[in-house]
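I have placed the structure first, in the form of structure tokens, so that the comments after it can refer back to it.
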Amino acid sequence: MAVERTFIAIKPDGVQRGLVGQILSRFEDKGFKLVALKQLIPSRELAEQHYGVHRERPFFSDLVNFITSGPIVAMVWEGEGVIASARKLIGSTKPLEAEPGTIRGDLAVNIGRNVIHGSDGHETAKFEIGLWFDSKEINDWTPSDQIWREE
Ligand code: DAT
Ligand code: MG
């Protein structure tokens with residue numbers, strides 16, 4: 001399986017509730033590599049672009065209001081199959097339907113406060129990474145224990 005990159009963001013509820021550390025740990029523990037990270041309060045324009053596919057949905061304005069309401073932690077994670085695997089770690093969009101053991105399954109109740117975002121495919125990952133990060137903010141690096149991660 002190819003090495004990929006995905007865009008992950010801890011939403012304002014995750015930051016306000018002090019869940020940043022344990023969410024980062026889940027991706028580190030799994031063995032994925034962090035290649036970019038920053039905290040920011042998204043502008044309306046950025047939020048509307050990010051959620052552009054949902055523009056016509058009834059919840060769009062609530063979603064944009066929520067995501068711009070405070071700091072988020074934006075990240076790029078790298079690894080084999082990381083796009084689909086991150087979605088599994090995150091769990092279903094509706095937290096009450098998300099399996100225990102997933103981030104949403106363990107840490108959230110409401111769909112409008114579901115703690116974390118993760119790209120849902122190759123094209124969206126590429127689009128979202130480019131939207132949220134300048135290429136200079138993304139680091140190519142080799143973990144010193146890389147040999148223990150490979151077969
Ligand atoms: P995901 O975040 O799992 O990729 P999505 O892309 O379908 O889910 O929707 C983006 C976000 O919009 C989601 O995390 C929470 C919100 N959302 C989705 N469906 C909703 C609904 N029916 N009511 C309220 N908010 C919703
Ligand atoms: Mg989505």
Side-chain angles (χ1 to χ4, degrees), residues 1-140:
M1 183 166 276
V3 173
E4 317 170 326
R5 287 177 171 175
T6 193
F7 174 71
I8 301 292
I10 303 173
K11 298 180 182 182
D13 54 335
V15 175
Q16 298 289 344
R17 292 173 58 204
L19 302 174
V20 173
Q22 61 164 301
I23 291 172
L24 290 182
S25 290
R26 292 179 183 227
F27 290 89
E28 284 188 329
D29 290 351
K30 178 72 174 168
F32 292 128
K33 180 167 74 172
L34 183 63
V35 294
L37 177 145
K38 63 185 174 186
Q39 188 189 60
L40 75 158
I41 301 175
S43 66
R44 277 202 96 69
E45 190 190 0
L46 182 55
E48 286 175 359
Q49 280 183 273
H50 174 75
Y51 281 126
V53 292
H54 298 305
R55 199 173 289 275
E56 306 304 327
R57 309 284 285 279
F59 56 82
F60 182 70
S61 63
D62 284 346
L63 184 57
V64 170
N65 287 339
F66 165 56
I67 209 76
T68 58
S69 66
I72 69 154
V73 173
M75 298 167 269
V76 180
W77 287 87
E78 184 184 289
E80 278 188 33
V82 70
I83 300 171
S85 180
R87 293 283 296 190
K88 278 193 183 166
L89 291 175
I90 288 169
S92 301
T93 305
K94 294 180 181 168
L96 288 178
E97 293 176 7
E99 293 296 326
T102 65
I103 294 167
R104 287 170 174 164
D106 289 348
L107 302 176
V109 174
N110 297 312
I111 193 167
R113 297 284 185 273
N114 63 8
V115 173
I116 184 166
H117 168 84
S119 306
D120 65 6
H122 289 90
E123 286 309 308
T124 35
K126 209 171 151 188
F127 168 73
E128 290 170 0
I129 290 168
L131 180 66
W132 290 87
F133 285 95
D134 189 283
S135 60
K136 290 197 289 289
E137 296 176 302
I138 302 173
N139 304 302
D140 285 313

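A quick note: this is a predicted structure, and the numbers were derived from the prediction, not measured. Counting convention: from 1, in listed order, for ligands and their atoms alike. What you see below is based on every heavy atom in this structure, not just the backbone, and it leaves out hydrogens, waters and symmetry mates. The first residue in the sequence is number 1, and the count goes up from there.
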Give me the nearest non-hydrogen protein atom to [atom] as residue plus atom name, then the distance to 0.1 Å.
| atom | result |
| --- | --- |
| atom 3 (O) of ligand 1 | Thr93 OG1, 2.5 Å |
| atom 15 (C) of ligand 1 | Ile111 O, 3.4 Å |
| atom 21 (C) of ligand 1 | Phe59 CD2, 3.5 Å |

Would you mind reporting whether Ile23 and Val73 have side-chain heavy atoms less than 4.5 Å apart? no
Check: Thr68 and Ser43 side chains under 4.5 Å, non-hydrogen atoms: no
Is it the side chain, the backbone, both or neither of [X] that has a heavy atom closer than 4.0 Å to ligand 1?
| X | result |
| --- | --- |
| Lys94 | neither |
| Arg104 | side chain |
| Leu63 | side chain |

Any idea which of His117, His54, Arg57 brings a heavy atom closest to atom 10 (C) of ligand 1? His54
Given Val115, Thr124, Asn114, which one has a non-hydrogen atom that is nearest to atom 14 (O) of ligand 1? Asn114
Checking Met75 against Leu24 for the side chain to side chain contact (heavy atoms under 4.5 Å, CB included) test, could you report, in this order, the C-alpha distance in whole Å, the side-chain angles of both residues, the deciding distance, and whether it holds? CA-CA 10 Å; Met75 298 167 269; Leu24 290 182; 3.2 Å; yes
Against ligand 1, does Asp120 come closer than 4.0 Å with any heavy atom? no
Regarding Asp13 and Lys11, does a basic nitrogen lie under 4.0 Å from an acidic carboxylate oxygen? no
Does a salt bridge link Arg5 with Asp140, judged by any charged N lying under 4.0 Å from a carboxylate O? yes
Looking only at the aromatic ring of each residue, does the gap between the centers of Trp77 and Phe32 stay below 6.0 angstrom? no
Are any of the N or O atoms of Arg87 closer than 3.5 Å to those of ligand 1? yes
Backbone or side chain, does any N or O of Tyr51 fall under 3.5 Å from an N or O of ligand 1? no
Side chains of Glu97 and Ser92: any donor to acceptor distance under 3.5 Å? no
Atom pair CD/CG of Glu99 and Asp106 - distance to nearest 0.5 Å: 10.5 Å
